[in-house]
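Comments concern the structure below.
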Amino acid sequence: GHPILQYFIYKNIILHNLYGVDILREAVEIAKLRLFLKLMATVEANYRKPNLGLEPLPDLDFNIRAGNTLIGYASKVEIDSISGLFINEDVKRKILEECDTIAMAFQRFREIQLENLTEYLDFKKAKDELSSRLRILKSGLDRILFSEHYAEQVYEEWHTTHQPFHWFAEFYGIIHDKGGFDVIIGNPPYVEYRTNVDYQLSVFGFKTLKCGNLYSFVLERSDAIARKFSYLGMIVPMSLTSIRDFHTLRNYLAHSYTNSWITNHSIRPIPLFNGISQRVSIFIGYKNYNPQPMIYTTNYLRYKGDSKALFETIEYGLSQKEMSIDSIIPKIGNTFQVSIWHSISKDTNSLNAYFRNSSNYQLHIKDYGETYWIFPFSFAPYLTPVKSYKTLAVESEEIKKILAVVYNSSLFYWYHTIISDCWHFGKWHMQKFPFDLNHLENNHKLTLLKTHETLMDSYIENRIERFDKRINSNLY
């Protein structure tokens with residue numbers, strides 16, 4: 001028997017159910033350590049028994065591994081499609097046979113650790129055999145991958161920078177025998193692929209390649225290694241819902257996941273993760289095919305400290321197709337906000353009708369958004385070139401003043417938080433706002449024009465002057 005049942009249960013779960021991959025070896029070791037600490041927290045040492053009454057810790061070298069999630073063969077389809085001068089059906093068959101042998105060796109290695117055996121040599125023999133077979137198979141697949149796609153490079157340098165990881169071979173018992181993982185969770189890198197990555201991914205045919213960020217490829221790869229009726233949970237930038245360039249990723253996820261739930265988190269007054277100033281969305285998807293996928297979202301969430309309390313009170317709203325603008329997923333999480341959206345959407349015309357390519361009537365705005373807002377001015381603002389702002393040409397002086405008030409309104413601020421990533425601010429955000437000035441009564445126009453004068457005077461009177469060492473002068 002096992003001296004501590006709870007310890008054995010956790011150990012069994014860790015060995016049979018938890019797997020992970022990270023490109024940083026340090027992260028792999030930290031993950032193992034955290035699992036060991038979780039195990040140790042379940043027991044109390046008995047100093048009268050050998051080894052303090054504890055069973056050995058599990059060996060997780062084959063559960064938690066180092067490698068590049070995006071580089072390598074992830075499915076049998078990819079193995080079947082291997083080509084090259086010395087690649088034939090016999091080579092592919094031997095690869096599959098060796099994968100199967102390694103999967104059985106891995107299973108035996110886990111069983112030995114759970115049998116409460118005291119014979120160290122049995123454990124060492126099983127681990128050495130598994131390590132040797134896996135090392136040989138990985139080396140062969142690395143060489144094939146290199147020859148197939150990267151032959152113009154130096155192999156040793158390529159291997160160091162790309163760190164290939166072959167999901168299909170290293171987790172064969174899960175990917176092939178069981179159809180994939182049941183649950184995949186993670187926090188992928190938020191890295192621009194075109195400028196900050198020194199390895200080539202285009203050869204793998206990622207459908208979301210145009211998104212240009214590694215996190216979109218990780219979501220796609222996660223889908224490839226997950227079984228049907230599985231769950232995916234990822235913490236990603238808010239560009240997932242709100243940047244137009246990511247429409248291919250949104251379409252991909254909508255096709256793959258029957259139901260999706262997306263929470264959207266501000267960095268003010270406190271970011272979701274301490275010390276990390278990043279607006280994020282948490283995506284949870286249920287994998288199945290449905291011609292009419294259901295997407296549920298939250299508002300733009302702010303909280304002051306207790307993230308547990310935040311998640312206990314989250315409300316989701318069904319994202320309706322007619323509410324989407326340029327393929328973005330609006331952050332609307334309750335029926336009250338849905339009613340506001342439908343109310344303002346009754347105006348079929350947008351403010352785009354009042355913009356011009358050039359004119360003498362110009363609005364001035366900051367081109368970055370929510371943190372300190374964009375401050376729409378109808379006059380040239382007290383800003384130096386250090387502070388970024390744009391000028392927008394409009395139809396007339398009256399239109400300029402009315403738009404300055406509209407864009408300073410709480411209604412437009414709410415609209416902006418719904419359709420944007422709440423940082424980047426583009427002309428299209430302003431142009432898409434559904435507001436037809438032709439529907440305004442004269443008394444409403446007069447009220448807006450009067451409000452304009454008061455508001456602009458207030459901006460001027462309350463501006464703050466400070467010294468900026470970057471320009472060795474004052475700015476406002």
> Is it true that a side-chain atom of N264 and a backbone atom of T298 form a donor plus acceptor pair closer than 3.5 Å?
Replying inline: yes

>> I'd like to check W261 versus N259 (side-chain heavy atoms, cut-off strictly below 4.5 Å). Are they in contact?
In response: yes

> What pairs with Y73 under ring pair (Phe, Tyr, Trp, His ring centres under 6.0 Å), at least two apart in sequence or on another chain?
Replying inline: H166

> Does anything in residues 156-178 pair up under salt bridge (Lys or Arg N to Asp or Glu O under 4.0 Å), and if so which pairs, sequence neighbours excluded?
Replying inline: R65-E170, K138-E170

> Is there side-chain contact between I30 and D22, with heavy atoms separated by less than 4.5 Å?
Replying inline: no

>> Is there a side-chain contact (heavy atoms from CB on, under 4.5 Å) between H342 and M323? Walk through the geometry before answering.
In response: CA-CA 8 Å; H342 286 311; M323 294 164 57; 4.3 Å; yes

>> Please check: side-chain N/O of Y415 versus main-chain N/O of P434, any donor-acceptor pairing under 3.5 Å?
In response: no

> Got a salt bridge between E89 and K92, using NZ or NE/NH1/NH2 to carboxylate O under 4.0 Å?
Replying inline: yes

> About how many Å separate CG of L57 and CE of M40, when rounded to the nearest 0.5 Å?
Replying inline: 6.0 Å

>> Pair H159, Y150 - check ring-ring contact (aromatic ring centres under 6.0 Å, His included), show working.
In response: CA-CA 10 Å; H159 199 271; Y150 302 96; over 10 Å; no

> Taking it one step at a time, do S242 and K331 satisfy side-chain hydrogen bond (donor to acceptor under 3.5 Å, both in side chains)?
Replying inline: CA-CA 9 Å; S242 307; K331 296 180 282 294; 2.9 Å; yes

> Quick check: are there more than 12 heavy atoms from other residues, nucleotides or ligands sitting under 6.0 Å from NZ of K432?
Replying inline: no

> Can you name the side chain to side chain donor-acceptor pair (under 3.5 Å) partners of E315, sequence neighbours left out?
Replying inline: none

>> Please find the pair of heavy atoms, one from I267 and one from Y300, that lie closest to each other, and give the distance.
In response: N-OH, 4.3 Å

> Who passes side-chain contact (heavy atoms from CB on, under 4.5 Å) against T258, sequence neighbours left out?
Replying inline: Y286, N288, N290

> Do the side chains of I14 and N63 get nearer than 4.5 Å, heavy atoms only?
Replying inline: no

>> Is there a side-chain contact between F62 and R110 in this structure, where contact means two heavy atoms from C-beta onward sitting under 4.5 Å apart?
In response: no

>> As an exercise, state the distance from CD of Q200 to CG of L70, rounded to the nearest 0.5 Å.
In response: 13.5 Å

>> So, using side-chain contact (heavy atoms from CB on, under 4.5 Å) as the criterion, who are the partners of M104 when residues are at least two apart?
In response: D100

> Can you tell me how far the OG atom of S420 sits from the CD1 atom of I325, to the nearest 0.5 Å?
Replying inline: 11.0 Å

>> Return the CG to CZ distance between L134 and F106, rounded to the nearest 0.5 Å.
In response: 9.5 Å

> In a check of side-chain contact (heavy atoms from CB on, under 4.5 Å) between N68 and each of L201, I23, V21, which one passes?
Replying inline: I23

>> Is it the case that the side chain of D421 and the backbone of S239 share a donor-acceptor pair, with hydrogens and angles ignored and the cut-off at 3.5 Å?
In response: no

> In terms of ring plane angle, is the pair F165 and W167 parallel, tilted or perpendicular, where the classes change at 30° and 60°?
Replying inline: perpendicular

> Any ring pair (Phe, Tyr, Trp, His ring centres under 6.0 Å) pairs touching residues 125-146, not counting sequence neighbours?
Replying inline: F146-Y155, F146-W158

> Would you call S260 and F283 a side-chain contact if the rule is heavy atoms closer than 4.5 Å?
Replying inline: yes

> Are the side chain of Q113 and the backbone N or O of D59 linked by a donor-acceptor pair below 3.5 Å?
Replying inline: yes

> Do any N or O atoms from the side chain of R133 and from the backbone of T101 form a donor-acceptor pair under 3.5 angstrom?
Replying inline: no

>> Looking at every heavy atom in both P58 and Y7, which two are closest together, and how far apart are they?
In response: CD-OH, 4.4 Å

Throw together a table of side-chain donor-acceptor distances under 3.5 angstrom for residues 225-238, partners on residues two or more places apart or in other chains.
{"residue": "R227", "atom": "NH1", "partner": "D182", "partner atom": "OD1", "Å": "3.2"}
{"residue": "S230", "atom": "OG", "partner": "R227", "partner atom": "O", "Å": "2.6"}

May I have the list of side-chain donor-acceptor pairs in residues 76-87 shorter than 3.5 Å, sequence neighbours left out?
{"residue": "K76", "atom": "NZ", "partner": "D80", "partner atom": "OD1", "Å": "3.3"}
{"residue": "K76", "atom": "NZ", "partner": "D80", "partner atom": "OD2", "Å": "2.9"}
{"residue": "E78", "atom": "OE1", "partner": "A74", "partner atom": "N", "Å": "2.7"}
{"residue": "S81", "atom": "OG", "partner": "V77", "partner atom": "O", "Å": "3.3"}
{"residue": "S81", "atom": "OG", "partner": "E78", "partner atom": "O", "Å": "2.9"}

> Any side-chain heavy atom of F217 sitting closer than 4.5 Å to one from T208?
Replying inline: yes

> How many angstroms lie between atom OH of Y316 and atom CG of L318, to the nearest 0.5 angstrom?
Replying inline: 13.5 Å

>> Check whether N299 reaches the backbone of G333 with its side chain - one donor and one acceptor, N or O, closer than 3.5 Å.
In response: yes

> Which residue pairs satisfy the salt bridge (Lys or Arg N to Asp or Glu O under 4.0 Å) criterion with at least one member in residues 232-256, sequence neighbours excluded?
Replying inline: R244-D326

>> Holding to side chain to side chain donor-acceptor pair (under 3.5 Å), I want the full list of residues that pass it with H429, two or more places apart in sequence or in another chain.
In response: none

> Listed by chain and number, what are the side chain to side chain donor-acceptor pair (under 3.5 Å) partners of Q163, not counting sequence neighbours?
Replying inline: none

>> side-chain contact (heavy atoms from CB on, under 4.5 Å) for E55 and I4? Distances and angles first, verdict last.
In response: CA-CA 8 Å; E55 294 185 38; I4 303 174; over 6 Å; no

> Take atom NE2 in H255; do more than 12 heavy atoms of anything else shown fall under 6.0 Å from it?
Replying inline: no

> For the side chain of S222 and the backbone of V218, is there at least one donor-acceptor N/O pair under 3.5 Å apart?
Replying inline: yes

> For the side chain of Y172 and the backbone of E98, is there at least one donor-acceptor N/O pair under 3.5 Å apart?
Replying inline: no

> So, S132 side chain and D128 main chain: donor-acceptor pair closer than 3.5 Å or not?
Replying inline: no

>> Checking K32 now: which residues fulfil side chain to side chain donor-acceptor pair (under 3.5 Å) with it, not counting sequence neighbours?
In response: E29, D61

>> Distance check, rounded to the nearest 0.5 Å: N17 atom CG versus I174 atom CD1?
In response: 9.0 Å

>> With a sphere of 6.0 Å drawn around CD of E44, does it hold more than 12 non-hydrogen atoms of other residues, nucleotides or ligands?
In response: no

> Is the ring centre of Y413 less than 6.0 Å from the ring centre of Y407?
Replying inline: no

> For the side chain of K207 and the backbone of E220, is there at least one donor-acceptor N/O pair under 3.5 Å apart?
Replying inline: no

>> Closer than 4.0 angstrom, basic N to acidic O: yes or no for R93 and E97?
In response: yes

>> Is there a side-chain contact between Q320 and I332 in this structure, where contact means two heavy atoms from C-beta onward sitting under 4.5 Å apart?
In response: no

> Counting only heavy atoms not in Y190, do more than 12 fall under 6.0 Å of its OH?
Replying inline: yes

>> For the aromatic rings, using the six-membered ring if either is Trp, is the centroid distance between F206 and Y252 under 6.0 Å?
In response: no

> Does a side-chain heavy-atom distance below 4.5 Å link W414 with I340?
Replying inline: yes

>> Please find the pair of heavy atoms, one from S324 and one from P330, that lie closest to each other, and give the distance.
In response: CA-CD, 4.2 Å

